[in-house]
Amino acid sequence: MTELGTLHAPLQVEFDYTRSLGPTLSGFMTGLKRRQILGGVLSDGTVAVPPPEYDGTTFAPITELRPVADVGVVQSWAWVPEPVAGQPLDKPFAFAQIVLDGADKALLHAVAVDSAADIQTGMRVRAVWADEPVGAITDIRWFEAEGDSPATTPGPEGDAIEGIISPVKLAYDYAASPEESKFFRGLADGKLIGQRCPVCEKVYVPPRGACPVDGVPTTDEVEVADHGTITTFCIVNVPFTGQQIPIPYVSAYVLLDGADIAFLHLILGIDAADVRMGLRVKAVWKPRDEWGTTIANISHFEPTGEPDADYETYKVHL
Amino acid sequence: MTRDVAIVGFSQRQMKEFDGSPTCVELLVPIFQELWEQTGWTKTDIGFWCSGSSDYLAGRAFSFVSAVDAIGALPPVMESHVEMDAAWALYEAWVKIQTGLVDSALVYGFGKSSAGVLRRVLSLQMDPYTVTPLWADAVSLAAIQARAGLESGAFDESQMADVVARSMTDAASNDSAIRKGATTADDVLAQPLYADPLRRWDCAPVSDGASAMIITAADAPGFDKLKGNKAWITGFEHRVEPGALNSRDLKVSESTKSAGAAAGVDGVDLAELHAPFSHQELILKDALGLGDDVRINPSGGALTANPMFTAGLNRIGEAARQVWAGDSQRALAHATSGPALQQNLVLTMEARA
Ligand SMILES: [Zn+2]
């Protein structure tokens, strides 16, 4: 038999973090919205951009912010030959530590140059601003060679910036374990494949990389029924972002006949108030032409109409 | 008062791409099995379990919880997790043993870097207000650090090439290494620059892997039935530097220096240094004050395989193996975490008759 590799699928993780700002960073971000860069005055009189919230020596809060220029000198730099998603430029560029005129400690930002030969330590650079600053570090789009470009026009005074939203978008190649891969391939054939632990002989659906009792991989394949018993459940009444099913709905653990561990699915075809422990349910499969290697092949579970299972039959699986 | 604690078991897997789940449960099961064979112990001899990993690496929430399956954690075990290299999980375990709460621990780490774009994912370790929104990647930050060192004269290109050549040559006999083989400094310098001033070989390869280690107090029940040799821990410290890059002098490693001073580096004949970039080994060597008579990274080090969240523990394990084999009387191991050597840990160990 040919040994198939594990199943892979692209996975996108996205979340917009809403971050509140303390007084120091609030001042810094508010400055950026006005196209003004503010440095923090440290206890030794030096100026750091971005301003730290606390002084590194005295640990006192940084309270004095001082305007610095949006032109400065490259202190150290790195060539970025293969930019990654989200970076300030989508063609090769440099990241640099830039000491702005009036500051002592460097700001990390991008420098737009055509090649590594066009940048060196000591080079003077000028900020290129976004057309409509919002109060974020990305209001400075990048820096470029100072040249003869005109001085920056300050933006209008606006309300203080007290929070920022930092979007995080990550892309992965997600792999299932070998045992999970067999389960998902089984679903594409309309089968529910569990695997038995060789030590305790419990049948896990979906199978696991290791039996949590014995710490060994589950091995023997076992096909289990697509009907079973609700062992426990919850009624979802809380709306949340991305919710696809109208509330209230029931999410339940179903102990499939032949399995030793219950698995989670959606219960429909019955009023949420009537769902109970011991209720016998069966899988409702989507039309065959919609199947893939996914648990979504089963649309939901619904009551079979059989009498409820006796508590004794599932009490050890709770 | 300090309890005497020894490293008694170590096992690892490192690879370019692991074709399996992000929790690496499949990798951990045989690694744990090797530990039982090495030590003669079973899981009932372990008082505490601690892991190092990160959900961001593979995009799976609570990945360390799923990994616990590999232990066989029923009945329940005492377990903890750090969002750091497993070397820090080892520190937590060592402290727990020092408190007297437990007598032994199994520490493990896992990371599947190949699932995403590693240098980009690591941007999330940065200041989320002023740095992460630029997606300042880990390779660029290391390159900025390297240039600061090069242009200040702290080290030069040929020293960096020597580090690469020695690492790849030493790794030739290491089954776990990914990038390896006899290499000269001239071979290295003949490669084009990648993230100027770094060449690709100056940067650790993206690696997947898992590793695990057992440590125990000398007065632990079951100590007498332990098989194999012991590497006795003589010092263990870690230090952190400010998160803000502009608060640090990137050319030096103050945190390594103070961790090394606290752990006691005198008399070491071997050092396994966790340097994912060639110039970082030079910075670390200087911070620790290691002489040229100290053998550095005979395993090949992180430049030949750098599985995230285990590469630091691997340094400790590789150093312990040298002590077990009688090839080192007193060894130092170092682990790093965070951008441009932000956090550093130093452990010293010795052989005893
Ligand atoms: Zn079992």
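First the proteins, then the strands, lettered A, B, ... as listed; each starts at 1.
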- Are a donor atom and an acceptor atom from the side chains of A:Q97 and B:N246 found within less than 3.5 Å of each other? no

- For the student: nearest non-hydrogen atoms of A:L11 and B:G59, plus distance: CD2-O, 3.4 Å

- For chain B, the option from A:A94, A:P92, A:P178, A:G56 that forms the most heavy-atom pairs under 4.5 Å: A:P178

- Proximal component of A:V49, with respect to chain B [non-hydrogen, under 4.5 Å]: backbone

- State, to 0.1 Å, how close A:L108 and B:L134 come at their nearest heavy-atom pair, and which atoms those are. O-CD1, 3.4 Å

- Message: Is it the case that the side chain of B:R147 and the backbone of A:S76 share a donor-acceptor pair, with hydrogens and angles ignored and the cut-off at 3.5 Å?
- Response: no

- Query: For chain B, which of A:E179, A:E180, A:H109 has the most heavy-atom pairs under 4.5 Å?
  - Reply: A:H109

- Query: Which one, B:S114, B:G243, B:P75, B:A143, leads in non-hydrogen pairs under 4.5 Å with chain A?
  - Reply: B:A143

- Item | Toward chain A, the part of B:A58 with a non-hydrogen atom under 4.5 Å | backbone

- Query: Which atoms of B:L193 come close to chain A, meaning under 4.5 Å heavy atom to heavy atom: side chain ones, backbone ones, both, or neither?
  - Reply: neither

- Message: Is B:Y56 close to chain A through its backbone or its side chain, or both, or neither, when contacts mean heavy atoms under 4.5 Å?
- Response: both

- Query: For A:I164 and B:P128, which heavy atoms make the closest approach, and how far apart are they?
  - Reply: CD1-O, 4.4 Å

- Hey, could you give me the OG1/CZ distance between B:T130 and A:F28, rounded to the nearest 0.5 Å? 6.5 Å

- In this structure, OG of B:S247 is separated from CG of A:D55 (nearest 0.5 Å) by 9.0 Å

- Given side chains that start at C-beta, do those of B:S140 and A:V80 come closer than 4.5 Å, heavy atoms only? yes

- Which of the residues B:C24, B:S66, B:A67, B:A136 is involved in the greatest number of heavy-atom pairs with chain A at under 4.5 angstrom? B:A136

- Residues B:V117, A:L170; criterion side chain to side chain contact (heavy atoms under 4.5 Å, CB included); working and verdict: CA-CA 9 Å; B:V117 179; A:L170 295 167; over 6 Å; no

- Any chance you could measure A:Q87, atom CD, to B:S123, atom OG, to the nearest 0.5 Å? 7.0 Å

- Item | Donor-acceptor side-chain pairing of A:Y174 and B:R60 below 3.5 angstrom | yes

- Query: Between A:V216 and chain B, which part of the residue has a heavy atom less than 4.5 Å away: side chain, backbone, both or neither?
  - Reply: backbone

- Message: If I measure from the heavy atoms of chain B, does A:A110 come under 4.5 Å with its side chain, its backbone, both, or neither?
- Response: neither

- Message: Please classify the contact of B:L57 with chain A as side chain, backbone, both or neither, using a heavy-atom distance under 4.5 Å.
- Response: backbone

- Message: How long is the straight-line distance from OG of A:S177 back to CD of B:E26, given to the nearest 0.5 Å?
- Response: 5.0 Å

- Query: Which one of A:R19, A:Q75, A:K105, A:M29 has the most heavy-atom pairs closer than 4.5 Å to chain B?
  - Reply: A:R19

- Item | Which portion of B:L28 sits near chain A, non-hydrogen atoms under 4.5 angstrom | neither

- OG of A:S26 to OH of B:Y129, rounded to nearest 0.5 Å, is 11.5 Å

- For residues A:T121 and B:E151, is any side-chain donor paired with an opposing acceptor at under 3.5 Å? yes

- Item | B:W135 to A:G86 - nearest heavy-atom pair and separation | CD1-O, 3.3 Å

- How many angstroms lie between atom OG1 of B:T132 and atom OH of A:Y17, to the nearest 0.5 angstrom? 10.5 Å

- Checking heavy atoms, do the side chain of B:L141, its backbone, both or neither come under 4.5 Å from chain A? side chain

- Item | Portion of A:E82 that has a non-hydrogen atom of chain B nearer than 4.5 angstrom | both

